[in-house]
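The block underneath contains the structure these notes are about, expressed in structure tokens.
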Amino acid sequence: MDFGSTRAMSGTLIDELRRRGLLAQVSDEAALNDHLASGSRTLYCGFDPTADSLHIGNLVPLLTLRRFQLFGHRPILLLGGATGLIGDPSGRPDERSLNHSEVVAGWLERIRSQVSHLLDFAGDNAAVVVNNLDWTADLDVISFLRDIGKYFSVNAMMQRDSVRSRLERDEEGISYTEFSYVLLQSMDYVELAERYDCSLQIGGSDQWGNIVSGMDLVRRTLSREAFALTLPLVTKADGNKFGKSAAGAVWLDPAKTSPYSFYQFWLNTADSDVVHFLNIFTFLTHEQIAELAAALGNAPAERAAQKSLAAEVTALVHGGAALASAQRITTALFAGKLDALTEADFEQLRLDGMACTGLTAADAGLLAALAECGLATSRSAARKLVADGGVRINGTLQTDPERQLDFTDALFGRFYIVRRGKKNWHLLVPDQG
RNA sequence: GGAGGGGUUCCCGAGUGGUCAAAGGGAUCAGACUGUAAAUCUGACGGCUUAGCCUACGAAGGUUCAAAUCCUUCCCCCUCCA
């Protein structure tokens, strides 16, 4: 893995994080600065498997772990095989429904594979991946209550925001299960402190309470130094929630969000957010980001900053080959030269992961085809789209809702490239089956 | 247990017998302007074999030529009192 160009950074790691807008809270900044400056330290961040994939919001702490690694520290990526079975009440207005343990275990493995290549597993400060189920699965209740529970005051736990907000809502409440979550997470910190000499836990700002509880438990049970640091919630200038595209959440799993869609998500970043995101989601230097910010001011139409952001993040998450594919599709679709594409280019688009549907004779009607390939939610919606002038095939505006797609006018006799609106594309080919 | 208020289309929320697929706002989609940006403006926004038809206003029945609107029973939620 090439960490080369990002090495030369001035100031402390904390300064660097602050400069990038990546610092929400720190437990004792001066002491942590000294701690980090005086040796290679071990830190961790936990991720609970609450879905079959992580999403781009999880990228912030993931990449921050890597930033610590670049500064010579050892990151531990903790997967919540146990805590994922319980449910974290932090930041949740309502009780979670419990997932089956086999389901959670399956999600954990998928997350493990998508997360692992973001860190460096070689060298002196090689990253480590652990699963907290390893030290909780065989834990007995009595030991838990005596060894861990004794350190937690219910009076204090009741004061926690995540608990109090639930108690104040008559219709919600909080189960004993979720109430106990913080004990498990705190136990993780102690466990990692003992096993790996871990002395720092990071996480999203909603994790501050959990992290501080763990830090206290380490100090009290092990009498060791322990620190807490949180990262801010990613916000957008227009106030909308970050991380949602038209299709919903943006996932790290390429099967759920294709590398092309992923690339497009970043490419569409608003001007007012792009510099902020470059700082948070890329490893570009401040000089490089300053250049891009200047370019944004001088030639906004070029969108150099957005292109860099999209390229950097896509390469980080999906790799160089996937980035190249995403860029090929983008160029083909948005350079406005569909006619210039060769037959081989179309095959490449399919290989690159462009959305493609095989069309059967039954779906040959334009409306049926639009509904079938997902560009419209129903035939009625498709009819309205056509009436609104929102559908093009091979660049030609479609006005007849009754038209049949028989491929006689398809490119190379078998490709219809359908466009809905400005940015939604789909390839239609004759059904092979 | 007692008294009162309420459940409306993705969300909020108006509507108290026909002019209601149902105001208004949000979200979403399309069009215009642009830079695959933001803002703004315009249109659409239950489904279908689309000048029409079907299904919808917590559930089930009923009254009526006609019900989201009236009646009955049931389910759920909120507020106050005990």
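Lettering of chains follows the sequences in order, A, B, ..., and the numbering in each one begins at 1.
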Would you mind reading off the distance between [X] atom [atom1] and [N] atom [atom2], rounded to a whole angstrom?
| X | N | atom1 | atom2 | value |
| --- | --- | --- | --- | --- |
| A/Lys307 | B/G35 | NZ | C1' | 9 Å |
| A/Arg419 | B/G31 | CZ | P | 7 Å |
| A/Arg392 | B/G31 | CZ | P | 8 Å |
| A/Leu370 | B/A44 | CG | P | 20 Å |
| A/Gln264 | B/G35 | CD | C1' | 13 Å |
| A/Gln398 | B/G31 | CD | P | 14 Å |
| A/Asp271 | B/A39 | CG | C1' | 12 Å |
| A/Leu385 | B/G43 | CG | C1' | 12 Å |

Open item on the list: Counting only side-chain nitrogens and oxygens, does A/Ser380 get under 4.0 Å of the OP1 or OP2 atom of B/C48?
Closed with: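 Result: yes.
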Open item on the list: Is there a side-chain contact between A/Arg420 and the phosphate of B/A30, meaning an N or O under 4.0 Å from OP1 or OP2?
Closed with: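 So the side-chain polar atoms of A/Arg420 do come within 4.0 Å of the phosphate oxygens OP1 or OP2 of B/A30, strictly under.
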Whom does [N] pair with, Watson-Crick or G-U wobble, provided both distances fall under 3.5 Å?
| N | result |
| --- | --- |
| B/U42 | B/A30 |
| B/U9 | none |
| B/A59 | B/U73 |
| B/A51 | none |
| B/A21 | none |

If you measure from the [atom1] atom in [N] to the same atom in [M], how many Å do you get, rounded?
| N | M | atom1 | result |
| --- | --- | --- | --- |
| B/U34 | B/C41 | C1' | 13 Å |
| B/C54 | B/U63 | C1' | 25 Å |
| B/G15 | B/U9 | P | 16 Å |
| B/U8 | B/U16 | C1' | 13 Å |
| B/U19 | B/C74 | C1' | 34 Å |
| B/U55 | B/G5 | P | 34 Å |
| B/A56 | B/C10 | P | 14 Å |
| B/C53 | B/A22 | P | 14 Å |

Per [X] side chain, nearest of listed nucleotides [options]:
| X | options | result |
| --- | --- | --- |
| A/Asn424 | B/A30, B/C48, B/U36 | B/A30 |
| A/Thr330 | B/U50, B/A38, B/U36 | B/U36 |
| A/Asp388 | B/A30, B/U36, B/U50 | B/A30 |
| A/Arg379 | B/U49, B/U36, B/A30 | B/U49 |
| A/Lys422 | B/C48, B/U34, B/C29 | B/U34 |

Open item on the list: Quick check: do A/Leu217 and A/Phe152 have side-chain heavy atoms less than 4.5 Å from each other?
Closed with: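 Contact flag for A/Leu217/A/Phe152 side chains = yes.
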Task: A/Met187 vs A/Leu139 side-chain heavy atoms within contact, under 4.5 Å - done: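 Result yes, sub-4.5 Å side-chain heavy-atom pair found.
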Task: A/Leu367 vs A/Ala301, nearer the 5' end of RNA chain B by closest nucleotide - done: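 It is A/Ala301 whose nearest nucleotide is closer to the 5' end.
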- [ ] Specify the residue among A/Arg383 and A/Pro300 whose closest nucleotide of RNA chain B lies further upstream toward the 5′ end.
- [x]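 Whichever sits nearer the 5' end wins; that is A/Pro300.
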Looking at every strand, decide which applies to [X] at a 4.0 Å heavy-atom threshold: base, sugar-phosphate, or nothing.
| X | value |
| --- | --- |
| A/Lys384 | sugar-phosphate |
| A/Ser378 | sugar-phosphate |
| A/Leu267 | base |
| A/Gln306 | base |

TODO: State plainly whether the residues A/Arg383 and A/Glu402 are in salt-bridge range, i.e. N to O under 4.0 Å.
DONE: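 Looking at A/Arg383 and A/Glu402, the cut-off is met.
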Parallel, tilted or perpendicular: which one describes the rings of [X] and [Y], with boundaries at 30° and 60°?
| X | Y | value |
| --- | --- | --- |
| A/Phe242 | A/Phe281 | parallel |
| A/Trp266 | A/Phe262 | perpendicular |
| A/Tyr189 | A/Tyr44 | perpendicular |

Open item on the list: Could you work out, with side chain to side chain donor-acceptor pair (under 3.5 Å) as the rule, every residue matching A/Glu29, not counting sequence neighbours?
Closed with: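 A/Arg18.
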Task: Minimum heavy-atom distance A/His117-A/Val317, with the two atoms named - done: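 Minimum heavy-atom separation between A/His117 and A/Val317: NE2-O, 2.8 Å.
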